Amino acid sequence: MSDATTDAATDEPADGQEPWDVTQDYFQGPVVMRRSRVPHETTDQRLLDSRGPADWVHADPWRVMRIQSEFVEGFGALAELGPAVSVFGSARTSPDDPTYALGERLGAGLVGAGYAVITGGGPGAMEAANKGACQAGGTSVGLGIELPFETGLNEYVDLGVNFRYFFARKTMFVKYAQGFVVLPGGFGTLDEVFEAITLVQTQKVTSFPIVLMGSAYWQGLLDWLRGSALAAGTISATDLDLITVTDDVDEAIAIIVESDRALSAEPPEGTGTHAE
Ligand SMILES: CC(C)=CCNc1ncnc2c1ncn2[C@@H]1O[C@H](COP(=O)(O)O)[C@@H](O)[C@H]1O
């Protein structure tokens with residue numbers, strides 16, 4: 001190329017570098033640049049040399065990249081997990097609480113039935129389920145969350161992924177599990193239960209059993225759902241069928257296994273079991 005303009009030819013690069021040959025076509029990926037458009041540094045140079053204010057790391061476009069990376073890391077870590085069940089429950093359940101022992105039996109029982117156990121990776125009921133799964137020789141997964149108070153993944157997590165964003169983490173609980181089993185818990189647990197129920201009710205996810213363990217604990221909530229929500233017409237009677245309550249680990253597991261069996265007996269449709 002010999003028709004470079006005078007302007008381009010005299011366009012001095014910064015910092016006393018050698019001028020680039022602006023008489024040549026310059027390729028940057030699929031983009032071609034000529035004359036005054038020929039840059040004075042490569043993309044790599046710009047990346048490695050750049051300094052300056054760092055406030056962009058707190059801006060939404062960068063945040064979107066971080067969110068995207070959580071999905072990429074989560075999908076990558078869990079894609080080959082195989083059949084799994086997500087277990088929820090209070091972070092505050094103490095190891096001497098009977099619910100802790102129930103969580104351990106549940107974790108071990110799920111492993112015995114061929115499932116990996118996924119929890120929030122924290123203490124309490126989450127730890128109990130991970131402990132049961134780990135000690136039964138199964139796959140014990142913890143999806144941790146960044147919180148203002150550091151608790152870290154419990155020691156029984158064998159495969160852990162830490163998330164910054166609750167919503168990215170919650171996608172993993174549903175996407176990689178065949179069902180939810182829920183031990184007594186507070187706001188975090190209730191949030192997870194009601195998200196799952198909403199996904200099933202709105203058919204965003206199909207054939208997804210939700211089992212609440214601990215009938216005495218959940219009874220008040222069920223009474224309220226029947227006496228207030230159903231009575232006021234804000235939910236329908238069939239919506240209540242989306243939840244099963246039991247105190248029996250074997251029954252909880254049987255519900256998951258049966259739902260799984262029924263699903264695999266169905267002919268495959270579309271892109272899978274989960275609606276987009
Ligand atoms: C001692 C303490 C509060 C530790 C918090 N550490 C946590 N680590 C991981 N997941 C958590 C934690 N707290 C709440 N969650 C999430 O919320 C649920 C428990 O919340 P909650 O304790 O029921 O309301 C868990 O299933 C978990 O997914």
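Start at 1 and go down the list; that is how both ligands and their atoms are numbered. If you're wondering where the values come from, they're calculated on a predicted model, not measured in any experiment.
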Counting only heavy atoms, which portion of Glu127 has something under 4.0 Å from ligand 1: side chain, backbone, both, or neither? neither
Between Leu143 and ligand 1, find which residue part has any heavy-atom pair under 4.0 Å and reply side chain, backbone, both or neither. neither
Is there a polar contact between ligand 1 and Gly188, counting only N or O atoms under 3.5 Å apart? yes
For Ile118 and Ala84 the tightest heavy-atom approach is CD1-CB, 3.8 Å
Measuring centre to centre across the rings, with the benzene-like ring taken for any Trp, is Tyr165 within less than 6.0 Å of Phe163? no
Pro123 versus Ala91, closest heavy-atom pair with distance: CG-O, 3.5 Å
Is Ser90 near ligand 1, meaning one of its heavy atoms is under 4.0 Å from it? yes
Which residue and non-hydrogen atom of the protein lie closest to atom 28 (O) of ligand 1, and at what distance in Å? Glu192 OE2, 2.4 Å
Taking the six-membered ring for Trp, are Phe88 and Phe180 parallel (under 30°), tilted (30 to 60°) or perpendicular (over 60°)? perpendicular
Geometry only, no angles: is Arg169 polar-contacting ligand 1 at N/O separations under 3.5 Å? yes
Between Thr246 and Asp248, do the side chains contain an N or O donor and an N or O acceptor separated by less than 3.5 Å? no
Does Gly89 have a heavy atom less than 4.0 Å from any atom of ligand 1? yes
